[in-house]
Structure formats: C-alpha cells, structure tokens
2 protein chains.
Amino acid sequence: MNLARARSTPDLLLDAAERLFAERGFDATSLRDVTRRAKANLASVHYHFGSKKGLIHAVIQRRLDPLNRERLRRLDLVARRGRPELQAILDAFLAPTMSVWQENPHFMRLAGRILSEPDRDLLDFFLAQFDEIVVRFRAALVRAVPDAPVEELFWRMHFVIGAMCHTWTASDGLEKISGGRCRIGDGEKALRRLVDFCTSGFRAPLNGKEGR
Amino acid sequence: MNLARARSTPDLLLDAAERLFAERGFDATSLRDVTRRAKANLASVHYHFGSKKGLIHAVIQRRLDPLNRERLRRLDLVARRGRPELQAILDAFLAPTMSVWQENPHFMRLAGRILSEPDRDLLDFFLAQFDEIVVRFRAALVRAVPDAPVEELFWRMHFVIGAMCHTWTASDGLEKISGGRCRIGDGEKALRRLVDFCTSGFRAPLNGKEGR
DNA sequence: GTCTCATTCAAACGTTTGTTTATGAACCTC
DNA sequence: GAGGTTCATAAACAAACGTTTGAATGAGAC
C-alpha cells in the first residue's frame, strides 16, 4: 500500500470538477472531462453525487462551508472587542476569501462566476449558504455605522461583494488592461487594496450630503 | 404592408439572441432557441453571422460600441472644463451603463457576465473594445489624482468595474438577500449610490497611510 | 420574360451530451 | 465460506447540439 494515503474517488472527482469548472465553466465541462481527469469511471459521478448538478453543489459546498465558518469566527473576534470597527468587519468578510484564493485559486474564480449565473437553481443554492452570514454581518454593520439606514448598508455590501468577486475572478483581465503593470501576486497586497477601497467607499457621505 | 417597418432578419436574430443569452447564458442557449424566438430559420444564423460565435460577437458589439462612445463623449465634456473632478470622471464612466440598463436590462446582465467568462476568445474580444477607453480614462484619472501611482489607479478602477458589473447583473441577488428591502427600481438611485461609493473608495488613503 | 443575386427553407450530418443499465470484483459480517 | 453490501466498469440510450447542404423563393435589372 502507498505511503501517501490514496484519495477516495469522490474526492478525486471533486478536485477534477473544481478545476475544470473553474477553467471552462459548468456547461463547457462534460462529465467525461471530469472522470477522465480524475481517472474514474463515467458512471461514478452518478453513483456518488446523483447527477451533474449534485456534483456542482458538492464542489461548491466543500469550500464554501469552511469559508463562511471562518468569516463568522473572525467576526466573533471583532465583536468581542466592543463596538466593532468598520474596517475590521470588512476584513473579517474579505480576508478569508483571500486565504481560499491562495490555497485554491480555482474555486474563487468559480464562486465569483456563480453570482452572475443565469441558472436560478444554482444561484439559489449558492445564496442559501449565506443565511447566517447575512444576519450576523448586518448586525455588526448596524452597530459600526449606526446612522446609516439598513437599506444603505445592504447596497454598500453589494458593492463590496462586486469588487471582491471581480478581484478574484477577473484579475487576469486587470493584468491585461493595465499592460502588465498590475499583477495579483501573492494576494496579500490585493486584499489590503480591496479592504482599503471598500472601507473608504463604505464611509461615503449619506444621502449625497456630507455625513452628519 | 405593415405601418411599423418590418425588422430585418439579422436584427430579429440579434434581439432574440441578446435576450436569451442574458437569461440563460451562451452555452445554455441553442441556436434553435434563438431562431425559434426570432421566427427565423435555423440556418439563417450561419448565413448572416457565420457561426454561433459570430452571433455572440455581433450581439456584444451592437451595444458596446455606442456605450463606449457615450463614455468618451462625456469624458470630453468633463475634461474640457479644466482639471477633471474625480467624481465627474467616474460618472462619465458609470452613468452610460445605467442608460443602457434602462433601455435594455438584458444586455447589461450579459456584459457583466462576460468579464468572468472562462472562454478566453470571448473575453479577449470583449476587452479589445476598451482600448481607447483605457487610454483616455487613465489620462483623466492621472490628472484628477496626481499623487497616486498609476498602478494604484488601475487597481481602483478594477474595483469600480467589479462593483458596477455586480450592480447590473446581480441586483436580484441583492433583493433576495436584503429580504426585499433593496430594489434596483429605476436605476437612477442605484447609479447615484454606486458613484458615491466608488468616488469615496477611490479617495482611500494611499499606502494605508492617511493621504498627504 | 429571363437572368441574377440575395435570402429562406427543410432536411440531414456527425458529435457530444447526461443518464441508465447490467455485470463483476472487492470487502465485511456472521 | 456463504451472503450481502459497496463500488468500479464497459456499454448502451435517447436527446440535443452546431453546422452543412441543396433546392426553393423572391425581387430587381436588362
């Protein structure tokens, strides 16, 4: 038997699928592509995951679950220190995405794309994973920016999410457009830029007037 | 003959394709879907556009060309008034997308999705439409924020683009997550929120320190 | 009237797709 | 070691895909 523990078929399928889905998209990746890369049989997808959609869901959940748990863990640390700082909240939300991106850039590219997915089922499944995140981060934001209407907070988090997704999914577009000037590099600097931009954007005056 | 001038087959194909591509995505939309909706023959796509890819390119170019011309026109107006204001530059870049969204929400949803497209050919074709935009807006930004390194300007425009795309493509996700609190409505208010957020984000202190 | 050109049309092409089936090997339980 | 469960495998399924073909149609030009 090998010293390196042999990976199970489901894991091999998930790895292959994650990679291919990220590179080519869900529709452009056939189950034959996945099983070929995983060195598994075509029917094994249906045996372990029921269908192609089941495989997609599993790919998403495997990474999204720890990611969102880490977000909540960090938010807890922030909230425990008294009235939460806006920047610390945004950092708790954004920094874990950078960690995931570092360990596995494929998944973050994939996740960013799902939010603009036309497939309603898939989008709903994805959003359902954020129920607790929404509640907890909203509460923290209300405490950090008490003079802003909740509606405004949602809009600004919407912009934050847009900037975040674009950062991890389209950063090669940035490299191309900037003529190679901007490279995402190790992610740390990109994260700091992202957090700074979002924090400052979040502090925009309310109602177009200067903040009171 | 009809009073309303009969539209040509290519136009009918473009309309149908734009709608369906936006609703279901490129891969999930078959040429049979398109021709059925356009009440045209299946082969007409290849006759007029050469291939499915040709049709996709035509759909994109038809809207993107006027959109980017309008951006440049507005930027000209801003630059002619002396040293350009940051907010005016961002408005010149962002406001036309709202106009397009109002006339044709389908296309903006589609455009936002292309930036996270896995298909390199398609992405390259899309980005190539922005060559002049990049040059002109970069020059304006350099004048408006002279103490920022060009690299920083590119990064911040990257975040702006992310927030913008997310606004027009995923605003129903916002509505769902916010529990119906946030509706995009007529677009005017969303645009103002977006411009305010981006302007403020763009003014984030440089290098993590307070701006000089 | 006839020739010419652009366009439309129905039908078929060969692939590829997700999914299902039937068989067999490997393994654990008692 | 018999019986049963779990997983792997090859083969087949019907459906849908982008694309091509060759004939039919229509309107102007001469």
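Chain A is the first sequence line, chain B the second, and so forth, proteins listed ahead of strands; every chain is numbered from 1.
A salt bridge links B/E152 to B/R156: at least one charged side-chain nitrogen sits closer than 4.0 Å to a carboxylate oxygen.
No donor-acceptor contact under 3.5 angstrom links the side chains of A/N41 and A/S44, judged on distance only. Side-chain polar atoms of A/T199 and A/D196 form no donor-acceptor pair below 3.5 angstrom.
Taking CG of A/L14 as the reference point, atom OG1 of A/T9 lies at 11.0 Å (rounded to 0.5 Å). Here the CG atom belonging to B/L13 is positioned 8.5 Å from the OG atom belonging to B/S8, to the nearest 0.5 angstrom.
Mapping heavy-atom proximity under 4.0 Å, the span of DNA chain D touched by chain B runs 5' to 3' from D/dC17 to D/dT21.
Two rings, from B/H158 and A/H166, have their centers less than 6.0 Å apart.
Among the heavy atoms of the strands, none lies under 4.0 Å from A/T35.
Note: A/W155 and A/F159 have tilted aromatic rings, judged against thresholds of 30 and 60 degrees for the angle between ring planes.
Contact of the A/T169 side chain with the A/M108 side chain is not registered, since no non-hydrogen atoms from C-beta on lie closer than 4.5 Å.
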Below 3.5 Å between N/O atoms, which protein atoms pair up with nucleotides 7-11 of chain C? Just atom names and distances, please.
from, atom 1, to, atom 2, distance (Å)
C/dT7, OP2, B/Y47, OH, 2.9
C/dT8, OP1, B/T9, OG1, 2.4
C/dT8, OP2, B/H48, NE2, 2.8
C/dA10, N7, B/N41, ND2, 3.4

